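One is the number of the first residue; the rest follow in order along the sequence. Remember, it's 1-based here, ligands and their atoms both numbered in the order they're listed. The structure displayed is predicted, hence computed values, not measured ones.
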Amino acid sequence: MTKKVLTIQDISCYGSCSTTVALPILSALGHECVILPSAILSTHTGGFKDFTVLDLTDEMPKIIEHWKKEGIKFDCIYTGYIGNKKQFDYIIDVKENLLNEDGLFIVDPAMADNGKMYYGLGDDIVEGMKSICSIADYIIPNITEACFLTGNKYQEIHDDMFINNLLGDLYRLGCKNVILTGYQDDEESIGAICYDGLTKTTVLKEKIEKSYHGTGDIFSSIIVGNILNNIDIKKNLDLATDFIVDSILNTIEDDTHEYGVHYEEILKKYKDKDE
Ligand code: PXL
């Protein structure tokens, strides 16, 4: 059955990330994707100079009030990049008032990578992300975001003690499940781990020495779509990590596309396999 998913994140008009990837991926996985844009940017903030930003903080409560009057409800709310701390209160309002009783609240605290916060984001965004992680059914941080959320020191290679501390600290924020991405137990492999407070489910793939913007947003969109399709977590992690590896391999020869990945042909193959 088609589920109604609300995604709350920015629209980066050019750049293959956030809302512009969530929409096609969630609909390809069979869901109605509704959007609440947090801002409109000419491009994402990584690797472009002089991008434009229209902050939509003041528009958000008006949209939410209209939906309340219309009696609109969602089966899932999935949040990503948020550039203004005031928006966390609106997100909590939407979660409390517009999510069906058995609906899922999923947070990708998209705010950092490679040991650093994204351009222009500071401690207030970390605090806001912590507040929504504490009430989430799933959170999907990468290693850098996980370190900012928990105060652990960032490192590139992750032994068992580092990972177990990180997973425990993330879980203690209050969420029900953690899906940690960018896990590297050595130089050659990379993957993701799901932790539900009891069990760890891990998927590792061969590492490709190239990374692109937007892959975290693509990964999360697939994970969200497949949670709603009741795909078990091991298979979900496996499909999502393979999807990212295939998208990177499909982009690596094109040096005009450094700002994101060519995932569209991979999505088409994924759908064709499904039918
Ligand atoms: O892909 C994450 C992302 C989303 N939105 C904006 C960004 C970034 C990463 O840099 O700048 C605006």
Quick check on the 6.0 Å ring-centre criterion: do F162 and Y183 meet it?
no
Do the ring centers of Y259 and Y212 come within less than 6.0 Å of each other?
no
Structural part of [X] in contact with ligand 1, heavy atom criterion under 4.0 angstrom:
X: H213; value: side chain
X: L41; value: side chain
X: S12; value: side chain

Is the shortest heavy-atom distance from the side chain of E32 to the side chain of K3 under 4.5 Å?
no
What protein heavy atom lies closest to atom 1 (O) of ligand 1? Include the residue and the distance to one decimal.
D217 OD2, 2.7 Å
Just do the side-chain hydrogen bond (donor to acceptor under 3.5 Å, both in side chains) check on D217 and S221 with the steps written out, would you?
CA-CA 6 Å; D217 304 339; S221 301; over 6 Å; no
With only distance considered, is Y81 within less than 3.5 Å of ligand 1 through an N or O on each side?
no
What I want to know is whether D10 and ligand 1 share at least one N or O pair that is separated by under 3.5 angstrom.
yes
Does K200, at its NZ atom, have more than 12 non-hydrogen atoms belonging to other residues, nucleotides or ligands within less than 6.0 Å?
yes
Between H44 and F51, is a side chain to side chain contact (heavy atoms under 4.5 Å, CB included) present by the stated rule, with each step listed?
CA-CA 8 Å; H44 60 63; F51 50 83; over 6 Å; no
T45 heavy atoms within 4.0 Å reach ligand 1 at atoms 7 (C), 10 (O), 11 (O)
